[in-house]
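To find a chain, count down the sequence lines: A is the first, B the second, and so on, and within it residues start at 1.
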Protein chains: 2
Amino acid sequence: MNAQPLIDHFESFLPLSDTERQLIESRVARRIVRRKEEILRAGHLCRHYSFVAEGCLKMYVVDTKGVNYNIQFAAEGDWIADIGGFHSGKPSQAFIEAVEPSIVFTIEKEDLYHLYRSISKLDRIFKVIIENKFVELQNRVLQNISSTAHERYRSFVEQYPKLVQRLPNTQIASYLGITPEFLSKVRKDLSRH
Amino acid sequence: MNAQPLIDHFESFLPLSDTERQLIESRVARRIVRRKEEILRAGHLCRHYSFVAEGCLKMYVVDTKGVNYNIQFAAEGDWIADIGGFHSGKPSQAFIEAVEPSIVFTIEKEDLYHLYRSISKLDRIFKVIIENKFVELQNRVLQNISSTAHERYRSFVEQYPKLVQRLPNTQIASYLGITPEFLSKVRKDLSRH
DNA sequence: GTTTACCCTTAAACTATGTTAAGAAATGAG
DNA sequence: CTCATTTCTTAACATAGTTTAAGGGTAAAC
């Protein structure tokens with residue numbers, strides 16, 4: 001099994017030995033995910049971390065009225081999982097599904113824990129990965145509490161220009177915490193300067 | 001130097017040997033921080049991670065109009081730092097200051113990196129610490145994009161009942177992303193059921 | 001123990017965002 | 001290629017949250 005994109009990703013943080021690479025490959029699965037296919041359903045256990053090699057997935061929750069809220073997008077090079085549920089073993093409250101045809105590398109909980117024990121630098125690598133994601137998320141919180149929808153949309157376009165091309169605006173609106181109708185108005189306002 | 005609260009904190013994740021405890025103590029400083037004293041100023045470098053043993057600190061940014069936005073509170077048992085700036089070595093955009101008289105244990109960057117190299121289980125421990133903080137932050141983002149101010153305030157009270165006693169409402173409003181005036185209205189609405 | 005600075009509340013007018021509904025445009029599946 | 005579905009836009013009206021201003025209450029600091 002060829003997990004090269006994932007290996008490359010790890011090696012962008014720290015070099016790995018041949019043995020380590022082989023051990024990682026032996027514990028990773030490659031999976032093709034079709035558009036709209038779910039890899040996690042609310043109420044089920046989140047059994048794996050997923051690394052996105054191609055395409056894009058989203059994690060979202062659905063409230064009692066059936067409204068969806070996008071918590072996270074994960075495109076090429078990003079990770080996605082319900083981290084809390086993954087470690088606690090409790091049923092997830094979130095869904096994860098592909099918004100485009102995608103290829104992901106998944107690591108099951110037992111395999112990830114085994115890898116942590118065998119390759120201690122993976123603790124370091126994942127610590128750095130999640131630190132980076134933490135900082136991103138903190139910036140998002142800051143945007144949410146300090147900026148108008150216009151500013152948040154402009155920031156999103158600046159920070160994720162590729163996603164803007166690839167995602168329908170309904171999905172972006174859900175991520176920004178506004179309605180698609182209002183996003184439409186925001187875009188009109190911004191387009192005429 | 002007695003860093004027992006910090007040692008206890010680490011040992012709530014994984015046990016440490018005597019040698020490890022001593023090494024940690026040798027790289028940690030205990031600091032008393034007075035109310036309103038700043039331990040980080042925007043424009044300066046964030047040189048240390050701080051573990052709060054007593055009291056409470058906040059991290060906030062100030063926009064061009066002089067308005068403050070509270071990104072995070074850290075009370076007993078929590079960590080606080082501008083993680084992005086700490087690792088990148090770039091000037092911070094945030095302030096960190098005590099909202100109560102506090103006692104913190106600080107670790108300088110060089111010391112923390114040294115500890116990571118000498119005690120590899122600290123990579124694991126900090127990975128878990130930040131995973132937990134990530135999950136908390138993700139829930140906060142979800143609240144921000146899905147809930148009204150009333151719901152966000154109720155959640156805050158539920159999740160941080162002690163902080164509600166200890167912080168002025170202005171600080172909580174800034175954390176929730178609303179004005180103090182509107183929080184006052186929210187509190188009135190909620191108080192009469 | 002005053003005094004000063006900060007904090008809380010209220011209310012009216014204003015602005016940002018949500019809701020509903022409907023038609024037009026774009027896109028995916030067969 | 002074409003149908004079915006999803007997405008985008010517009011507009012009128014409704015609600016959530018802000019601004020400004022003012023008075024009274026609390027708590028920190030000297």
task: State which residue, out of Ile32(A), Ile39(A), Leu57(A), fulfils the side chain to side chain contact (heavy atoms under 4.5 Å, CB included) condition with Ser102(A).
output: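 The residue from Ile32(A), Ile39(A), Leu57(A) that satisfies side chain to side chain contact (heavy atoms under 4.5 Å, CB included) with Ser102(A) turns out to be Leu57(A).
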message: Looking only at the side chains, is there a donor atom on one of Asp8(A) and Gln4(A) sitting less than 3.5 Å from an acceptor on the other?
response: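 Looking only at side-chain atoms, Gln4(A) and Asp8(A) do form a donor-acceptor pair, the distance falling under 3.5 Å.
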message: Looking only at side-chain N and O atoms, does Arg124(B) offer a donor or acceptor that is under 3.5 Å from a partner on Tyr116(A)?
response: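 Arg124(B) and Tyr116(A) do not have a side-chain donor-acceptor pair below 3.5 Å.
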So does [X] have more than 12 non-hydrogen atoms from other groups sitting under 6.0 Å from [atom1]?
| X | atom1 | value |
| --- | --- | --- |
| Arg31(A) | CZ | yes |
| Arg166(A) | CZ | yes |
| Arg21(B) | CZ | yes |
| Gln93(B) | CD | no |

Report yes if the side chains of [X] and [Y] come closer than 4.5 Å at any heavy-atom pair, otherwise no.
| X | Y | answer |
| --- | --- | --- |
| Arg30(B) | Asn2(B) | no |
| Leu137(A) | Phe134(A) | no |
| Tyr160(B) | Phe73(B) | no |
| Arg152(A) | Val186(A) | no |
| Phe10(A) | Leu6(A) | yes |
| Gln159(A) | Asn139(A) | no |

What is the distance from [atom1] of [X] to [atom2] of [N], rounded to the nearest Å?
| X | N | atom1 | atom2 | answer |
| --- | --- | --- | --- | --- |
| Lys185(A) | dA14(D) | NZ | C1' | 12 Å |
| Lys188(B) | dG17(D) | NZ | P | 16 Å |
| Leu183(B) | dT19(D) | CG | C1' | 16 Å |
| Asp189(A) | dT9(D) | CG | P | 12 Å |

- request: Tell me which of Thr170(A) and Ile178(B) sits closer to the 5' end of DNA chain D, going by the nucleotide each one is nearest to.
  value: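 Whichever sits nearer the 5' end wins; that is Thr170(A).
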task: Compute the angle between the rotation axes at the two ends of the helix from dC8(C)-dG23(D) to dG30(C)-dC1(D), each taken over five pairs, rounded to 10 degrees.
output: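 Roughly 60° between the end axes, to the nearest 10°.
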statement: Once base and sugar-phosphate atoms are separated, protein heavy atoms under 4.0 Å mark nucleotides 20-30 of chain D, 5' to 3', with B, S and - as B-------S--
- prompt: Given the C1' atoms of dG24(D) and dA13(C), what is the spacing between them in whole Å?
  reply: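 Looking at atom C1' only, dG24(D) and dA13(C) are 23 Å apart.
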- prompt: Under a 4.0 Å heavy-atom cut-off, which of residues 137-169 of chain B touch DNA chain C?
  reply: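 Contacts with DNA chain C under 4.0 Å: Pro168(B), Asn169(B).
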task: Name every residue in residues 52-66 of chain A that has at least one heavy atom under 4.0 Å from any atom of DNA chain C, in order of residue number, or write none if there are no such residues.
output: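 Of all residues in residues 52-66 of chain A, none places a heavy atom under 4.0 Å from DNA chain C.
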Chain B footprint on DNA chain C, 5' to 3' - any atom under 4.0 Å from a heavy atom: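 So the contact region on DNA chain C extends dC6(C) to dA11(C).
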field: Plane angle bin for Tyr49(B) and Phe86(B) - parallel if under 30°, tilted between 30 and 60°, otherwise perpendicular
entry: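 Rings of Phe86(B) and Tyr49(B): tilted, as their planes differ by 30° to 60°.
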Co-membership, hydrophobic cluster, residues Tyr60(B) and Leu40(B), 4.5 Å side-chain: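 The answer is no; the residues belong to distinct hydrophobic clusters.
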Output side-chain donor-acceptor pairs under 3.5 Å for residues 174-185 of chain A, partner residues at least two apart or in another chain, one line each.
| residue | atom | partner | partner atom | Å |
| --- | --- | --- | --- | --- |
| Ser174(A) | OG | Asn68(A) | O | 3.2 |
| Ser174(A) | OG | Asn70(A) | N | 2.8 |
| Thr179(A) | OG1 | Phe182(A) | N | 3.1 |

query: Contact class for Thr179(B) (heavy atom, under 4.0 Å): base, sugar-phosphate, or nothing?
result: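 Base contact.
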